Amino acid sequence: MNEIVIKQNLAPNVWLMGIYSPQVAKKAKPGQFVILRVTENGERIPLTIADFDNEKGIVYIIFQVVGKTTSLLSQLNPGDRIIDFVGPLGMPYEHSPEDKDYLFIAGGLGIPAIFSKVKMLHSEGKNIDIIIGGRSKENIFFEDELKKYCNNLYISTNDGSYGKKGFVTDILKELLESGRRYDEIFAVGPVPMMKAVVDITKRFSIKTLVSLNPIMVDGTGMCGGCRVKIGNEVKFACVDGPIFNGFEVDFDGLMKRNSYYQDVENISYKEHKCKIGLGE
Ligand SMILES: Cc1cc2nc3c(=O)[nH]c(=O)nc-3n(C[C@H](O)[C@H](O)[C@H](O)COP(=O)(O)OP(=O)(O)OC[C@H]3O[C@@H](n4cnc5c(N)ncnc54)[C@H](O)[C@@H]3O)c2cc1C
Ligand code: FES
């Protein structure tokens with residue numbers, strides 16, 4: 001159980017892994033995530049279920065190495081096991097059957113959160129456009145996989161080395177200003193990016209969902225570590241979300257909370273790097 005069966009490098013520091021976990025694969029729905037632990041004394045980190053194969057019992061994750069735990073995970077190989085692999089967690093992404101036109105926007109590591117939903121909506125015959133963006137050409141991945149399931153795939157890079165130069169929001173603005181309309185827009189990526197998307201879509205009154213990434217600990221609603229302000233209410237992203245109506249999210253509050261542990265994280269990553277090769 002929890003054996004890594006597939007490992008693939010998608011971009012610098014970005015990995016796709018397939019994990020044999022039939023219980024999670026059987027119940028998973030688009031929009032949900034797992035919480036995993038890599039070592040006995042390790043922390044629990046949330047990662048989105050990027051895709052799942054119910055018949056083979058495989059759950060796919062795509063992750064970026066940003067600190068200690070994701071670095072340890074990236075050092076595992078097919079045949080290795082992940083100690084804890086808990087899920088599926090969170091509320092699935094529900095869509096209304098009447099909606100026909102969808103725009104998905106994935107900035108940075110947003111692709112895992114859109115992929116399985118894009119596949120599902122494509123199989124239901126919906127019209128799907130996708131915008132993906134990254135820092136430069138080498139950070140763009142999954143282009144061919146996404147193209148199979150959408151009508152138009154737009155790409156932006158900050159330095160202009162691939163696709164349109166600029167941000168995903170530049171393409172969004174162009175599409176909407178040219179008169180293109182969608183029944184629903186779903187945006188996932190860094191918090192400032194989601195905030196910028198919502199600032200634009202609000203002007204056009206287009207329903208916009210976002211998937212939030214606050215710090216999580218248990219992932220089952222027991223601690224409130226993941227709390228976010230939605231409208232006038234406090235919600236726990238791990239049980240009430242992680243998907244919320246973008247027009248109601250307090251993005252500034254979320255950014256502040258996400259930076260609370262930055263010093264500890266930097267120290268922990270630095271110490272871990274110093275010990276690489278010592279078997280710890
Ligand atoms: C619902 C959800 C789904 C996510 N899905 C993905 C995904 O599919 N792919 C992916 O690459 N990343 C995803 N993340 C982010 C991922 O959890 C963090 O990158 C990871 O926890 C970093 O751990 P670390 O020890 O390597 O780095 P650290 O050095 O601990 O942290 C680096 C940064 O990661 C974030 N982070 C750290 N700990 C947590 C935590 N317990 N919960 C949430 N964020 C944390 C913080 O912003 C921090 O500044 C998701 C986060 C959430 C909440
Ligand atoms: S992570 Fe503890 S309540 Fe959400």
Side-chain angles (χ1 to χ4, degrees), residues 9-19 28-39 41-52 59-76 84-93 106-117 134 139 141-142 188-194 209-228 230 234-244 249 254-273 276:
N9 186 229
L10 298 179
N13 287 323
V14 179
W15 296 89
L16 174 144
M17 275 183 182
I19 292 123
K29 299 217 171 78
Q32 294 186 298
F33 63 96
V34 292
I35 291 234
L36 57 81
R37 212 158 52 99
V38 180
T39 58
N41 302 324
E43 65 174 352
R44 298 156 59 87
I45 64 157
L47 291 174
T48 304
I49 297 173
D51 203 4
F52 45 92
V59 176
Y60 294 88
I61 52 171
I62 296 174
F63 63 94
Q64 184 173 26
V65 176
V66 292
K68 181 174 171 180
T69 306
T70 44
S71 166
L72 285 168
L73 184 60
S74 74
Q75 289 160 38
L76 298 181
D84 287 332
F85 193 76
V86 180
L89 300 170
M91 300 294 287
Y93 176 169
L109 249 282
I111 287 174
I114 71 166
F115 187 60
S116 59
K117 191 66 186 184
N139 306 113
F141 59 90
F142 247 49
V188 196
V191 183
M193 177 220 115
M194 293 189 281
L209 302 177
V210 293
S211 184
L212 301 183
N213 55 346
I215 301 280
M216 291 189 181
V217 184
D218 59 299
T220 54
M222 290 192 294
C223 71
C226 64
R227 66 185 175 275
V228 283
I230 309 293
V234 172
K235 301 268 186 187
F236 290 180
C238 69
V239 283
D240 301 318
I243 296 170
F244 293 102
V249 174
L254 176 59
M255 277 187 258
K256 218 186 263 169
R257 284 184 61 77
N258 272 1
S259 62
Y260 276 176
Y261 301 101
Q262 219 143 36
D263 291 349
V264 188
E265 280 154 358
N266 288 343
I267 293 167
S268 157
Y269 192 26
K270 246 187 227 155
E271 282 180 354
H272 160 70
K273 272 187 171 166
I276 284 179

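From a predicted model like this one, the values you see are computed outputs, not experimental measurements. One-based numbering, in listed order, for ligands and for the atoms of each.
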With V249, the side chain to side chain contact (heavy atoms under 4.5 Å, CB included) member among L212, V228, V191: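 The passing option is L212.
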
Matching residue for I61 among I19, L16, D51 - test: side chain to side chain contact (heavy atoms under 4.5 Å, CB included): I19

First locate atom [atom1] of [X], then atom [atom2] of [Y], and finally report the distance between them rounded to the nearest 0.5 Å.
X	Y	atom1	atom2	result
F63	L109	CZ	CG	10.0 Å
L47	Q64	CG	CD	11.5 Å
K117	Q32	NZ	CD	10.5 Å

Restricting to heavy atoms, the pick from T48, L47, V66 nearest atom 12 (N) of ligand 1 would be L47

From atom 3 (S) of ligand 2, work out which of A237, G224, G90, G219 has a heavy atom at the shortest distance. G224

Near [X], which atoms of ligand 1 are under 4.0 Å from a heavy atom of that residue?
X	result
T69	24 (P), 25 (O), 26 (O)
T70	24 (P), 26 (O)
I45	21 (O), 23 (O)

Indicate yes or no: at least one non-hydrogen side-chain atom of I35 is less than 4.5 angstrom from one of I45. no

Would you check, one step at a time, whether the test side chain to side chain contact (heavy atoms under 4.5 Å, CB included) holds for F141 with V14? CA-CA 9 Å; F141 59 90; V14 179; 4.0 Å; yes

Metal proximity, C226 vs atom 4 (Fe) of ligand 2, N/O/S cut-off 2.8 Å: yes

Side chain, backbone, both or neither: which part of M222 has a heavy atom under 4.0 Å from ligand 2?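 The answer is the backbone.
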
For [X], take its heavy atoms, then give the atoms of ligand 2 lying under 4.0 Å from any of them.
X	value
M216	1 (S)
C238	1 (S), 3 (S), 4 (Fe)
G221	3 (S)
V217	1 (S)

Please assess V65 against W15 for the test side chain to side chain contact (heavy atoms under 4.5 Å, CB included), listing each intermediate value before the final yes or no. CA-CA 8 Å; V65 176; W15 296 89; 4.1 Å; yes

Give the minimum heavy-atom separation between G110 and A106, together with the two atoms involved.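 Heavy-atom minimum between the residues: C-CB, 3.6 Å.
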
Can you pull out the closest protein heavy atom to atom 2 (Fe) of ligand 2? Residue, atom name and distance to 0.1 Å, please. D218 OD1, 2.0 Å

Would [X] count as being in polar contact with ligand 1, using the rule that some N or O on each side must be under 3.5 angstrom apart?
X	value
N213	no
F63	no
G67	yes

Applying ring pair (Phe, Tyr, Trp, His ring centres under 6.0 Å), run through F115 and F142 and close with a yes or a no. CA-CA 9 Å; F115 187 60; F142 247 49; 5.0 Å; yes

Please state which part of [X] comes within less than 4.0 Å of ligand 1, counting heavy atoms only: side chain, backbone, both or neither.
X	answer
R44	backbone
P112	side chain
V65	neither

Between the side chains of K235 and D240, is the shortest nitrogen-to-carboxylate-oxygen separation below 4.0 Å, so that they form an ion pair?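 Not counted as a salt bridge, because no side-chain N and carboxylate O are separated by less than 4.0 Å.
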
